[in-house]
Colleague: 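First the structure, then my questions, so here it is.
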Amino acid sequence: MILVTLVALFSLNYLITRRKKTLTEQITSILIAAVVTMATRFIPFLIFDQSKELSPYLEELRTFLPAAIMGVLVIYCYRNISFAEPSKALLEIIAGLVTLFIHLWKRNIPLSILVGTGFYMVMLNLF
């Protein structure tokens, strides 16, 4: 909680003064953000004992949340498709389908993201 407060104070200081941060302030801000991010990843493992059984509510979340998060990400990615440019819209949809196909075929998340993104970038620059 202290680290979150420090990040908020650094941000507030920047917004108030509107000055460029020094290198030391930039590095400090990055380190604080990294520590806060890592803390949010590690704290659940410290809170929940691995030997104990999870509550039914947490079990339900554990099975439901990954699919829900992926659904939100897909909606977020496709939210700005403009059908005013049909070729670009079609390219975005095809790139998503390529990503889906690679993932269903290989079951490898980094590979499917890399191939889908690479396909989209290459096709975007070609057309």
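Quick note: numbers below take in every heavy atom, side chains included, and nothing from hydrogens, waters or symmetry partners.
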Colleague: Treat each ILVMFWY residue as a node, draw an edge where side-chain heavy atoms are under 4.5 Å apart, and state whether Leu111 and Leu100 are in one component.
Modeller: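 No, Leu111 and Leu100 fall in different hydrophobic clusters.
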
Colleague: Hey, any chance Val72 and Tyr78 share a hydrophobic cluster, counting ILVMFWY side chains that come within less than 4.5 Å of each other, even indirectly?
Modeller: no

Colleague: Is Phe101 linked to Val122 within one hydrophobic cluster, defined over Ile, Leu, Val, Met, Phe, Trp and Tyr using a side-chain heavy-atom separation of less than 4.5 Å?
Modeller: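 In one cluster with Phe101: Val122, yes.
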
Colleague: Hey, any chance Phe119 and Leu97 share a hydrophobic cluster, counting ILVMFWY side chains that come within less than 4.5 Å of each other, even indirectly?
Modeller: no

Colleague: Can you measure from OH (Tyr57) to CZ (Arg62) and round to the nearest 0.5 angstrom?
Modeller: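 These two atoms lie 15.0 Å from each other.
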
Colleague: Is there a path of hydrophobic side-chain contacts, each under 4.5 Å between heavy atoms, that joins Ile69 and Leu61?
Modeller: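 Linked, Ile69 and Leu61 end up in one cluster.
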
Colleague: Can you list the other members of the hydrophobic cluster that holds Ile109, where links are side-chain heavy atoms under 4.5 angstrom apart?
Modeller: Ile113

Colleague: Do side-chain atoms of Thr117 reach the backbone of Leu114 as a donor and acceptor pair under 3.5 angstrom?
Modeller: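 Not a single qualifying donor-acceptor pair exists.
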
Colleague: Please round to the nearest 0.5 Å and tell me the distance separating atom CD1 of Ile32 and atom CD1 of Ile27.
Modeller: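 Between Ile32 CD1 and Ile27 CD1, I get 12.0 Å after rounding to 0.5 Å.
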
Colleague: Could you list the donor-acceptor pairs under 3.5 angstrom formed between side-chain atoms of residues 79-86 and any protein atom two or more places apart in sequence or on another chain?
Modeller:
| from | atom 1 | to | atom 2 | distance (Å) |
| --- | --- | --- | --- | --- |
| Arg79 | NH1 | Tyr76 | O | 2.7 |
| Ser82 | OG | Ala84 | N | 3.3 |

Colleague: Checking Met38 against Val35 for the side chain to side chain contact (heavy atoms under 4.5 Å, CB included) test, could you report, in this order, the C-alpha distance in whole Å, the side-chain angles of both residues, the deciding distance, and whether it holds?
Modeller: CA-CA 5 Å; Met38 295 309 295; Val35 168; 5.9 Å; no

Colleague: Measure the spacing between OG1 of Thr99 and CD1 of Ile102 and express it to the nearest 0.5 Å.
Modeller: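 The CD1 atom of Ile102 is 8.0 Å from OG1 of Thr99, to the nearest 0.5 Å.
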
Colleague: Rounded to the nearest 0.5 Å, how far apart are NZ of Lys88 and CG of Leu124?
Modeller: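 So the gap between those two atoms works out to 6.5 Å.
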
Colleague: How many angstroms lie between CG in Leu65 and CG in Leu58, if you round to the nearest 0.5 Å?
Modeller: 10.5 Å

Colleague: Nearest 0.5 Å, what's the CD1-OH distance between Ile93 and Tyr120?
Modeller: 11.0 Å

